[in-house]
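Heads up: the structure comes next, in structure tokens.
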Amino acid sequence: MGTTKTEIFSTSDNKIATLAKALGHPARIAILKILIKKESCICGAIVDELPLAQSTISQHLKELKKAGIIQGAVEGPSICYCINSKIWNSAAATFLEFFELAKKNTKNCC
């Protein structure tokens, strides 16, 4: 299997790609919407709101946590997840900056 060669790209490019990958599944978007709406959530409550198996939701939570978008704390037998506001705000700024490039530099050539 080949390597991804992420080291040849800028830190900013890698950051955008990591965030985009973490956001690249509709189940993860739905999970984030639930967490935003409730401000915090125990994994079981997410399972109750989505038509997915608990193991599937756990995998999606793992990917969101790996990207830093959410954070979790153990509370008894469960893990309470919430949005990591520092990373969330940084991600918003990163994507905004990325999309602003197109506003400034894209000509209608097609």
Side-chain angles (χ1 to χ4, degrees):
M1 187 181 291
T3 60
T4 60
K5 297 188 179 185
T6 56
E7 70 278 354
I8 66 172
F9 299 100
S10 72
T11 302
S12 176
D13 290 348
N14 277 294
K15 183 177 179 181
I16 292 169
T18 298
L19 291 167
K21 182 178 178 184
L23 297 173
H25 194 286
R28 294 182 199 144
I29 301 300
I31 289 168
L32 290 170
K33 285 181 176 180
I34 291 167
L35 293 175
I36 290 166
K37 183 174 78 176
K38 293 191 176 191
E39 296 183 9
S40 69
C41 192
I42 295 172
C43 185
I46 296 170
V47 173
D48 293 341
E49 292 203 34
L50 295 176
L52 298 170
Q54 194 277 326
S55 60
T56 303
I57 290 173
S58 291
Q59 274 304 119
H60 289 300
L61 288 166
K62 179 182 172 185
E63 290 300 317
L64 291 168
K65 193 170 180 183
K66 187 168 85 173
I69 297 171
I70 65 170
Q71 53 194 3
V74 177
E75 289 188 5
S78 300
I79 299 176
C80 181
Y81 289 99
C82 64
I83 299 292
N84 182 337
S85 59
K86 180 180 176 185
I87 300 298
W88 185 260
N89 293 334
S90 174
T94 298
F95 278 115
L96 182 60
E97 182 180 307
F98 179 56
F99 291 129
E100 288 294 322
L101 288 173
K103 278 183 169 180
K104 296 175 186 174
N105 300 326
T106 303
K107 295 177 178 65
N108 292 326
C109 61
C110 299

With no hydrogens and no angle check, is any side-chain donor or acceptor of S90 less than 3.5 Å from a backbone partner on K86?
->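 Pair absent, no side-chain N/O of S90 close to backbone of K86.
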
Taking the side chain from N14 and the backbone from F9, do they hold a donor-acceptor pair closer than 3.5 Å?
->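 Confirmed, N14 side chain pairs with F9 backbone.
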
Are the side chains of [X] and [Y] in touch, meaning some heavy atoms are under 4.5 Å apart?
X	Y	value
L50	I34	yes
L19	F98	no
H25	Q59	no

Value rounded to 0.5 Å, distance of [atom1] in [X] from [atom2] in [Y]:
X	Y	atom1	atom2	result
Y81	I69	OH	CD1	14.0 Å
T94	I16	OG1	CD1	6.5 Å
L52	H60	CG	NE2	6.0 Å
N84	N89	CG	CG	9.0 Å
I57	I31	CD1	CD1	5.5 Å

Using the side chain to side chain contact (heavy atoms under 4.5 Å, CB included) rule, take L61 and I46 through it: C-alpha gap first, then chi angles, then the decisive distance, then the call.
-> CA-CA 10 Å; L61 288 166; I46 296 170; 4.0 Å; yes

With W88, which of I36, L35, I70 fulfils side chain to side chain contact (heavy atoms under 4.5 Å, CB included)?
->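 Going through I36, L35, I70 one by one, the side chain to side chain contact (heavy atoms under 4.5 Å, CB included) with W88 is satisfied by I36 alone.
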
Using the salt bridge (Lys or Arg N to Asp or Glu O under 4.0 Å) rule, collect all pairs that involve residues 59-72, keeping only residues at least two apart or in two chains.
->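 Counting only pairs at least two positions apart or across chains, the salt bridge (Lys or Arg N to Asp or Glu O under 4.0 Å) contacts touching residues 59-72 are E63-K66.
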
Are L23 and F99 grouped together when hydrophobic residues (ILVMFWY) are joined by side-chain heavy atoms under 4.5 angstrom apart?
->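 Looking at the clustering, F99 is in the same group as L23.
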
Are V47 and V74 connected, step by step, through hydrophobic side chains (Ile, Leu, Val, Met, Phe, Trp, Tyr) whose heavy atoms are closer than 4.5 Å?
->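 V47 and V74: one cluster.
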
K15 and E97: CA distance, side-chain angles, deciding distance, salt bridge (Lys or Arg N to Asp or Glu O under 4.0 Å) verdict = CA-CA 12 Å; K15 183 177 179 181; E97 182 180 307; over 6 Å; no

Closest contact, heavy atoms only, A22 versus L64 =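 Answer, listing the atom of A22 first, then L64: O-CD2, 3.6 Å.
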
